[in-house]
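Below: the structure, in C-alpha coordinates.
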Amino acid sequence: MKSVKVSENAYWVGSVDWTIRNFHGNTFKTSMGTTYNAYLLPGEKNVLIDTVAGHASGELFEKIEEHVPLERLDAVVMNHVETDHSGALPALLDRRPGIEVIGTKKCREGLSKHYFREMNFREVKTGDAAEFGKNTLRFIEAPMLHWPDSMFTYLEGDRVLFPNDAFGQHYASGGRFGDEAERCPLMEEAKKYYANILWPFSSLVLKKIEELLESGLEIRTVAPSHGVIWRENPLEIVELYRKWASQETLGKAVIVYETMWGATSEMARVISEGLIEAGAEVKLYDVNRCDLTAVFADMIDAAGWVVGSSTHDNSMLPGIAYFLHLLRGMKPSSRAAAAFGSFGWGGGAVREIEEVLEKTGARVFRPSFSAKYRMNEEEKKKCLEFGKAFAGEIIS
Ligand code: FEO
(Lines give C-alpha, C1' and ligand atoms only; values in the text may rest on other atoms or scores of the structure.)
Protein backbone atom coordinates (compact mmCIF):
# COMPACT_ATOMS: atom_id res chain seq x y z
CA MET A 1 0.00 0.00 0.00
CA LYS A 2 1.28 3.45 -0.92
CA SER A 3 1.12 6.67 1.09
CA VAL A 4 -2.20 8.52 0.82
CA LYS A 5 -2.77 12.25 0.59
CA VAL A 6 -4.87 13.46 3.52
CA SER A 7 -4.84 17.21 2.93
CA GLU A 8 -2.87 19.74 0.92
CA ASN A 9 0.24 19.20 3.03
CA ALA A 10 -0.25 15.92 4.89
CA TYR A 11 0.15 12.29 3.83
CA TRP A 12 -0.82 9.09 5.63
CA VAL A 13 2.31 6.93 5.91
CA GLY A 14 1.05 4.31 8.36
CA SER A 15 0.47 0.57 8.34
CA VAL A 16 -2.65 -1.59 8.05
CA ASP A 17 -2.66 -4.62 10.35
CA TRP A 18 -5.38 -6.84 8.86
CA THR A 19 -4.83 -9.91 10.99
CA ILE A 20 -4.28 -8.73 14.56
CA ARG A 21 -7.02 -10.09 16.82
CA ASN A 22 -5.77 -9.34 20.35
CA PHE A 23 -4.76 -5.91 21.55
CA HIS A 24 -3.71 -4.52 24.91
CA GLY A 25 -2.59 -7.87 26.25
CA ASN A 26 -5.68 -9.70 25.03
CA THR A 27 -8.19 -7.33 26.68
CA PHE A 28 -9.42 -5.94 23.34
CA LYS A 29 -10.51 -8.31 20.58
CA THR A 30 -9.67 -6.53 17.36
CA SER A 31 -12.05 -8.55 15.21
CA MET A 32 -11.63 -6.13 12.28
CA GLY A 33 -7.86 -5.69 12.64
CA THR A 34 -6.41 -2.22 13.08
CA THR A 35 -4.12 0.38 11.57
CA TYR A 36 -1.21 2.33 13.00
CA ASN A 37 -1.48 5.77 11.45
CA ALA A 38 1.47 8.09 11.02
CA TYR A 39 1.42 11.27 8.97
CA LEU A 40 4.13 13.03 7.00
CA LEU A 41 4.24 16.76 6.30
CA PRO A 42 6.88 17.06 3.59
CA GLY A 43 8.28 20.40 2.44
CA GLU A 44 11.11 22.76 3.13
CA LYS A 45 11.12 21.16 6.58
CA ASN A 46 9.92 17.58 6.90
CA VAL A 47 7.89 16.54 9.88
CA LEU A 48 6.50 13.16 10.85
CA ILE A 49 3.51 12.96 13.19
CA ASP A 50 3.74 9.74 15.23
CA THR A 51 5.40 6.52 14.17
CA VAL A 52 3.90 3.01 14.03
CA ALA A 53 4.29 -0.29 15.89
CA GLY A 54 7.85 -1.56 15.79
CA HIS A 55 7.10 -4.50 13.49
CA ALA A 56 5.83 -2.07 10.85
CA SER A 57 8.90 0.22 10.81
CA GLY A 58 9.87 -0.89 7.30
CA GLU A 59 6.44 -0.01 5.90
CA LEU A 60 6.60 3.41 7.54
CA PHE A 61 10.04 4.12 6.15
CA GLU A 62 9.07 3.02 2.62
CA LYS A 63 6.09 5.36 2.61
CA ILE A 64 8.10 8.29 4.00
CA GLU A 65 10.73 7.73 1.32
CA GLU A 66 8.13 8.07 -1.44
CA HIS A 67 8.39 11.75 -0.49
CA VAL A 68 11.69 12.39 1.24
CA PRO A 69 14.77 10.40 2.32
CA LEU A 70 14.61 9.49 6.01
CA GLU A 71 17.85 11.34 6.56
CA ARG A 72 16.08 14.58 5.65
CA LEU A 73 13.38 14.32 8.31
CA ASP A 74 13.65 17.32 10.61
CA ALA A 75 11.28 16.39 13.40
CA VAL A 76 8.92 13.73 14.67
CA VAL A 77 5.94 14.73 16.81
CA MET A 78 5.25 11.99 19.35
CA ASN A 79 1.64 12.47 20.37
CA HIS A 80 1.76 9.36 22.55
CA VAL A 81 4.31 7.00 24.06
CA GLU A 82 2.42 3.69 23.81
CA THR A 83 4.39 1.31 21.64
CA ASP A 84 1.76 0.93 18.93
CA HIS A 85 2.74 4.53 18.06
CA SER A 86 6.32 4.83 19.25
CA GLY A 87 7.58 1.33 18.43
CA ALA A 88 9.30 2.47 15.24
CA LEU A 89 11.03 5.39 16.97
CA PRO A 90 14.25 3.51 17.89
CA ALA A 91 14.71 2.38 14.27
CA LEU A 92 14.02 5.96 13.13
CA LEU A 93 16.63 7.27 15.58
CA ASP A 94 19.09 4.73 14.19
CA ARG A 95 18.48 6.00 10.66
CA ARG A 96 18.19 9.68 11.55
CA PRO A 97 20.15 10.37 14.74
CA GLY A 98 19.61 13.87 16.07
CA ILE A 99 16.08 14.23 14.68
CA GLU A 100 14.07 16.58 16.86
CA VAL A 101 11.49 14.67 18.92
CA ILE A 102 8.53 16.76 20.05
CA GLY A 103 6.12 15.84 22.83
CA THR A 104 4.88 16.60 26.30
CA LYS A 105 6.95 16.42 29.48
CA LYS A 106 5.29 13.09 30.27
CA CYS A 107 6.12 11.91 26.77
CA ARG A 108 9.80 12.64 27.36
CA GLU A 109 9.66 10.65 30.61
CA GLY A 110 7.73 7.80 29.01
CA LEU A 111 10.00 7.49 25.96
CA SER A 112 13.10 7.47 28.15
CA LYS A 113 11.59 4.64 30.25
CA HIS A 114 10.71 2.64 27.14
CA TYR A 115 13.79 3.07 24.97
CA PHE A 116 16.64 4.33 27.20
CA ARG A 117 17.95 6.52 24.37
CA GLU A 118 19.34 10.03 24.29
CA MET A 119 17.02 12.21 22.22
CA ASN A 120 17.01 15.76 20.92
CA PHE A 121 13.69 16.36 22.69
CA ARG A 122 11.56 19.50 22.63
CA GLU A 123 8.93 19.69 25.34
CA VAL A 124 5.67 21.36 24.36
CA LYS A 125 2.46 22.18 26.18
CA THR A 126 -1.02 23.40 25.30
CA GLY A 127 -0.86 26.67 23.38
CA ASP A 128 2.64 26.09 22.01
CA ALA A 129 3.19 26.17 18.27
CA ALA A 130 6.04 25.15 16.01
CA GLU A 131 6.76 26.28 12.47
CA PHE A 132 8.24 23.94 9.91
CA GLY A 133 8.54 25.91 6.69
CA LYS A 134 5.02 26.50 5.38
CA ASN A 135 3.45 24.25 8.06
CA THR A 136 2.56 25.46 11.53
CA LEU A 137 1.62 22.95 14.19
CA ARG A 138 -0.25 23.72 17.37
CA PHE A 139 -0.16 21.40 20.36
CA ILE A 140 -2.92 20.53 22.82
CA GLU A 141 -2.11 18.34 25.81
CA ALA A 142 -4.69 15.59 26.25
CA PRO A 143 -3.69 13.69 29.39
CA MET A 144 -5.35 10.30 29.77
CA LEU A 145 -6.69 10.31 26.22
CA HIS A 146 -5.19 7.77 26.42
CA TRP A 147 -2.13 7.97 28.71
CA PRO A 148 -0.74 10.83 30.81
CA ASP A 149 1.61 11.78 27.98
CA SER A 150 -1.06 12.02 25.25
CA MET A 151 -1.31 15.10 23.08
CA PHE A 152 -3.25 16.35 20.04
CA THR A 153 -1.50 18.15 17.19
CA TYR A 154 -3.30 20.58 14.90
CA LEU A 155 -2.07 21.54 11.44
CA GLU A 156 -2.97 25.14 10.73
CA GLY A 157 -3.93 26.00 7.15
CA ASP A 158 -5.11 22.50 6.29
CA ARG A 159 -7.07 22.49 9.57
CA VAL A 160 -6.32 18.85 10.34
CA LEU A 161 -6.50 17.57 13.90
CA PHE A 162 -4.20 14.64 14.72
CA PRO A 163 -5.67 13.43 18.04
CA ASN A 164 -3.74 10.17 18.23
CA ASP A 165 -5.85 7.54 20.06
CA ALA A 166 -8.92 9.75 20.45
CA PHE A 167 -11.60 9.32 17.76
CA GLY A 168 -9.93 6.15 16.46
CA GLN A 169 -11.22 2.68 15.68
CA HIS A 170 -9.58 -0.69 15.41
CA TYR A 171 -10.65 -1.08 11.80
CA ALA A 172 -8.45 -2.32 8.97
CA SER A 173 -9.54 -1.31 5.49
CA GLY A 174 -8.25 -0.60 2.02
CA GLY A 175 -9.61 2.95 2.02
CA ARG A 176 -8.12 5.44 4.42
CA PHE A 177 -11.21 7.60 4.86
CA GLY A 178 -14.42 7.03 6.78
CA ASP A 179 -16.55 7.81 3.72
CA GLU A 180 -14.88 4.90 1.90
CA ALA A 181 -15.80 2.37 4.60
CA GLU A 182 -18.97 0.39 5.27
CA ARG A 183 -20.73 2.64 7.74
CA CYS A 184 -22.36 0.16 10.16
CA PRO A 185 -19.28 -1.92 11.03
CA LEU A 186 -17.14 1.20 11.10
CA MET A 187 -19.35 3.01 13.61
CA GLU A 188 -19.66 -0.17 15.68
CA GLU A 189 -15.87 -0.36 15.86
CA ALA A 190 -15.69 3.32 16.86
CA LYS A 191 -18.13 2.61 19.70
CA LYS A 192 -16.20 -0.50 20.79
CA TYR A 193 -13.02 1.54 20.80
CA TYR A 194 -14.54 4.24 23.00
CA ALA A 195 -16.11 1.73 25.40
CA ASN A 196 -13.02 -0.40 25.83
CA ILE A 197 -10.31 2.25 25.79
CA LEU A 198 -11.67 5.66 26.72
CA TRP A 199 -14.73 4.96 28.88
CA PRO A 200 -12.69 5.14 32.11
CA PHE A 201 -11.59 8.66 31.17
CA SER A 202 -15.01 10.00 30.20
CA SER A 203 -14.90 13.08 32.43
CA LEU A 204 -11.59 14.09 30.85
CA VAL A 205 -12.94 13.35 27.37
CA LEU A 206 -15.86 15.71 27.98
CA LYS A 207 -13.58 18.49 29.21
CA LYS A 208 -11.23 18.06 26.26
CA ILE A 209 -14.09 18.19 23.76
CA GLU A 210 -15.44 21.38 25.33
CA GLU A 211 -11.93 22.87 25.24
CA LEU A 212 -11.53 21.87 21.61
CA LEU A 213 -14.88 23.23 20.48
CA GLU A 214 -14.40 26.47 22.41
CA SER A 215 -10.85 26.97 21.14
CA GLY A 216 -12.04 28.42 17.85
CA LEU A 217 -9.91 25.95 15.89
CA GLU A 218 -11.75 25.00 12.72
CA ILE A 219 -11.48 21.26 12.15
CA ARG A 220 -11.84 20.08 8.56
CA THR A 221 -10.33 16.64 9.08
CA VAL A 222 -9.84 14.40 12.10
CA ALA A 223 -6.91 12.08 11.50
CA PRO A 224 -6.58 9.64 14.40
CA SER A 225 -3.84 7.09 14.96
CA HIS A 226 -6.07 4.03 14.44
CA GLY A 227 -8.54 3.27 11.68
CA VAL A 228 -10.02 5.62 9.15
CA ILE A 229 -9.65 9.38 8.79
CA TRP A 230 -12.80 11.44 9.24
CA ARG A 231 -12.97 13.99 6.39
CA GLU A 232 -16.74 14.09 5.72
CA ASN A 233 -18.57 15.57 8.68
CA PRO A 234 -15.47 15.36 10.92
CA LEU A 235 -17.32 16.62 13.98
CA GLU A 236 -19.75 13.68 13.91
CA ILE A 237 -17.28 11.47 15.77
CA VAL A 238 -16.55 14.31 18.21
CA GLU A 239 -20.27 14.60 18.98
CA LEU A 240 -20.54 10.83 19.38
CA TYR A 241 -17.69 10.95 21.90
CA ARG A 242 -19.52 13.69 23.76
CA LYS A 243 -22.63 11.48 23.89
CA TRP A 244 -20.75 8.39 25.09
CA ALA A 245 -18.68 10.38 27.59
CA SER A 246 -21.86 11.98 28.97
CA GLN A 247 -22.99 8.46 29.94
CA GLU A 248 -26.35 9.02 28.27
CA THR A 249 -28.31 5.78 28.52
CA LEU A 250 -31.35 4.09 27.00
CA GLY A 251 -34.01 1.95 28.67
CA LYS A 252 -31.88 -1.03 27.84
CA ALA A 253 -30.55 -3.89 29.95
CA VAL A 254 -27.51 -6.00 29.16
CA ILE A 255 -27.58 -9.42 30.76
CA VAL A 256 -24.27 -11.25 31.07
CA TYR A 257 -24.09 -14.65 32.72
CA GLU A 258 -22.09 -17.84 33.10
CA THR A 259 -23.72 -21.17 33.74
CA MET A 260 -22.53 -24.63 34.78
CA TRP A 261 -25.46 -26.89 33.87
CA GLY A 262 -28.04 -24.51 32.43
CA ALA A 263 -29.96 -23.39 35.54
CA THR A 264 -28.42 -19.89 35.53
CA SER A 265 -28.87 -19.76 31.77
CA GLU A 266 -32.59 -20.48 32.23
CA MET A 267 -32.80 -17.65 34.78
CA ALA A 268 -31.16 -15.27 32.31
CA ARG A 269 -33.81 -16.06 29.70
CA VAL A 270 -36.69 -15.65 32.14
CA ILE A 271 -35.27 -12.35 33.41
CA SER A 272 -34.96 -11.18 29.80
CA GLU A 273 -38.63 -12.02 29.26
CA GLY A 274 -39.61 -10.01 32.33
CA LEU A 275 -37.59 -7.04 31.10
CA ILE A 276 -39.06 -7.24 27.60
CA GLU A 277 -42.63 -7.57 28.93
CA ALA A 278 -42.01 -4.42 30.97
CA GLY A 279 -40.86 -2.53 27.88
CA ALA A 280 -37.07 -2.64 28.17
CA GLU A 281 -34.69 -3.33 25.32
CA VAL A 282 -32.59 -6.37 26.14
CA LYS A 283 -29.25 -7.85 25.10
CA LEU A 284 -28.28 -11.21 26.54
CA TYR A 285 -24.82 -12.77 26.53
CA ASP A 286 -23.33 -16.04 27.73
CA VAL A 287 -19.87 -14.87 28.78
CA ASN A 288 -18.30 -17.97 27.24
CA ARG A 289 -19.97 -17.49 23.87
CA CYS A 290 -19.43 -13.83 23.16
CA ASP A 291 -16.85 -11.20 22.40
CA LEU A 292 -16.55 -9.12 25.57
CA THR A 293 -15.16 -6.20 23.58
CA ALA A 294 -18.51 -6.02 21.77
CA VAL A 295 -20.43 -6.55 25.03
CA PHE A 296 -18.83 -3.47 26.58
CA ALA A 297 -19.82 -1.45 23.52
CA ASP A 298 -23.39 -2.63 24.12
CA MET A 299 -23.19 -1.70 27.80
CA ILE A 300 -22.13 1.88 27.35
CA ASP A 301 -25.62 3.11 26.52
CA ALA A 302 -27.50 0.58 28.66
CA ALA A 303 -29.12 1.97 31.82
CA GLY A 304 -29.08 -1.46 33.46
CA TRP A 305 -26.80 -4.46 33.75
CA VAL A 306 -27.84 -7.84 35.06
CA VAL A 307 -25.02 -10.22 35.92
CA GLY A 308 -25.44 -13.88 36.79
CA SER A 309 -23.36 -16.87 37.73
CA SER A 310 -23.79 -20.31 39.11
CA THR A 311 -21.97 -20.87 42.39
CA HIS A 312 -18.86 -22.99 42.17
CA ASP A 313 -16.75 -23.60 45.30
CA ASN A 314 -18.69 -20.84 47.10
CA SER A 315 -17.71 -18.38 44.40
CA MET A 316 -18.73 -17.01 41.04
CA LEU A 317 -17.47 -18.76 37.92
CA PRO A 318 -14.16 -17.57 36.44
CA GLY A 319 -15.57 -16.15 33.20
CA ILE A 320 -17.86 -13.81 35.11
CA ALA A 321 -15.04 -12.92 37.51
CA TYR A 322 -12.94 -11.88 34.50
CA PHE A 323 -15.82 -9.92 32.99
CA LEU A 324 -16.39 -8.07 36.28
CA HIS A 325 -12.68 -7.40 36.60
CA LEU A 326 -12.75 -5.61 33.23
CA LEU A 327 -16.00 -3.84 34.10
CA ARG A 328 -14.52 -2.38 37.28
CA GLY A 329 -11.79 -0.78 35.21
CA MET A 330 -14.35 1.05 33.05
CA LYS A 331 -15.38 3.26 35.99
CA PRO A 332 -18.98 3.53 34.78
CA SER A 333 -21.49 5.80 36.45
CA SER A 334 -25.24 6.18 36.79
CA ARG A 335 -26.16 2.58 36.07
CA ALA A 336 -28.53 0.21 37.83
CA ALA A 337 -27.26 -3.33 38.26
CA ALA A 338 -28.58 -6.59 39.61
CA ALA A 339 -27.21 -10.05 40.33
CA PHE A 340 -28.69 -13.52 39.96
CA GLY A 341 -27.63 -17.14 39.89
CA SER A 342 -28.27 -20.71 40.89
CA PHE A 343 -26.56 -22.62 43.68
CA GLY A 344 -26.48 -26.16 45.04
CA TRP A 345 -25.94 -25.71 48.77
CA GLY A 346 -24.03 -22.76 50.33
CA GLY A 347 -24.25 -20.21 47.49
CA GLY A 348 -21.82 -17.31 47.29
CA ALA A 349 -21.68 -16.22 43.63
CA VAL A 350 -24.55 -13.72 43.82
CA ARG A 351 -23.14 -12.04 46.91
CA GLU A 352 -19.74 -11.74 45.23
CA ILE A 353 -21.25 -10.28 42.07
CA GLU A 354 -23.15 -7.70 44.11
CA GLU A 355 -19.95 -6.70 45.91
CA VAL A 356 -18.12 -6.08 42.65
CA LEU A 357 -21.08 -4.27 41.09
CA GLU A 358 -21.12 -1.95 44.08
CA LYS A 359 -17.44 -1.23 43.57
CA THR A 360 -18.15 -0.14 39.99
CA GLY A 361 -20.35 2.59 41.43
CA ALA A 362 -23.54 1.06 40.07
CA ARG A 363 -26.81 1.35 42.01
CA VAL A 364 -27.34 -2.27 43.05
CA PHE A 365 -30.95 -3.43 42.84
CA ARG A 366 -32.03 -5.66 45.73
CA PRO A 367 -33.06 -8.24 46.54
CA SER A 368 -31.06 -10.21 44.01
CA PHE A 369 -32.52 -13.40 42.57
CA SER A 370 -31.21 -16.86 43.29
CA ALA A 371 -32.60 -20.37 43.41
CA LYS A 372 -31.39 -23.74 44.55
CA TYR A 373 -30.54 -26.08 41.65
CA ARG A 374 -33.22 -25.52 38.99
CA MET A 375 -36.20 -23.21 39.28
CA ASN A 376 -39.62 -24.75 39.93
CA GLU A 377 -42.72 -23.11 38.47
CA GLU A 378 -43.16 -20.80 41.45
CA GLU A 379 -39.56 -19.66 41.25
CA LYS A 380 -39.90 -19.05 37.52
CA LYS A 381 -42.76 -16.65 38.23
CA LYS A 382 -40.62 -14.85 40.81
CA CYS A 383 -37.75 -14.71 38.34
CA LEU A 384 -40.03 -13.13 35.72
CA GLU A 385 -41.19 -10.58 38.32
CA PHE A 386 -37.54 -9.88 39.18
CA GLY A 387 -36.94 -8.95 35.54
CA LYS A 388 -40.03 -6.75 35.46
CA ALA A 389 -39.09 -5.01 38.71
CA PHE A 390 -35.59 -4.33 37.43
CA ALA A 391 -37.08 -2.81 34.28
CA GLY A 392 -38.72 -0.27 36.56
CA GLU A 393 -35.22 0.85 37.59
CA ILE A 394 -34.10 1.61 34.06
CA ILE A 395 -37.19 2.86 32.23
CA SER A 396 -38.16 6.40 33.08
FE1 FEO B 1 -3.03 3.36 20.32
FE2 FEO B 1 -2.75 4.33 23.66
O3 FEO B 1 -2.20 3.56 22.01
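The chain is numbered in sequence order, starting from 1. Both counts, for ligands and for their atoms, begin at 1 and track the order of listing. Just so we're clear, the structure is a prediction, and the values are computed from it rather than from any experiment.
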So side chain to side chain donor-acceptor pair (under 3.5 Å) across residues 121-130, not counting sequence neighbours, yields Glu100-Arg122, Arg108-Glu123, Thr126-Glu141
Contacts of Asn79 meeting side chain to side chain contact (heavy atoms under 4.5 Å, CB included) (sequence neighbours excluded), chain-then-number -> Ile49, Asp50, Val77, Met151, Thr153, Phe162, Asn164
Margin query: Is the shortest side-chain heavy-atom distance between Met187 and Leu240 below 4.5 Å?
Written below: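 The answer is yes; the side chains approach within 4.5 Å.
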So the ring pair (Phe, Tyr, Trp, His ring centres under 6.0 Å) pairs with at least one residue in residues 112-132 (sequence neighbours excluded) are none
Any protein N, O or S atom under 2.8 Å from atom 2 (Fe) of ligand 1? Found His80 NE2, Glu82 OE1, His146 ND1, Asp165 OD2
Item checked: Donor-acceptor contact below 3.5 Å, side chain Asn196 vs main chain Thr293 ->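 Pair found, side chain donor or acceptor close to backbone of Thr293.
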Shared hydrophobic cluster, Phe167 / Leu206 (ILVMFWY, side-chain heavy atoms < 4.5 Å): no
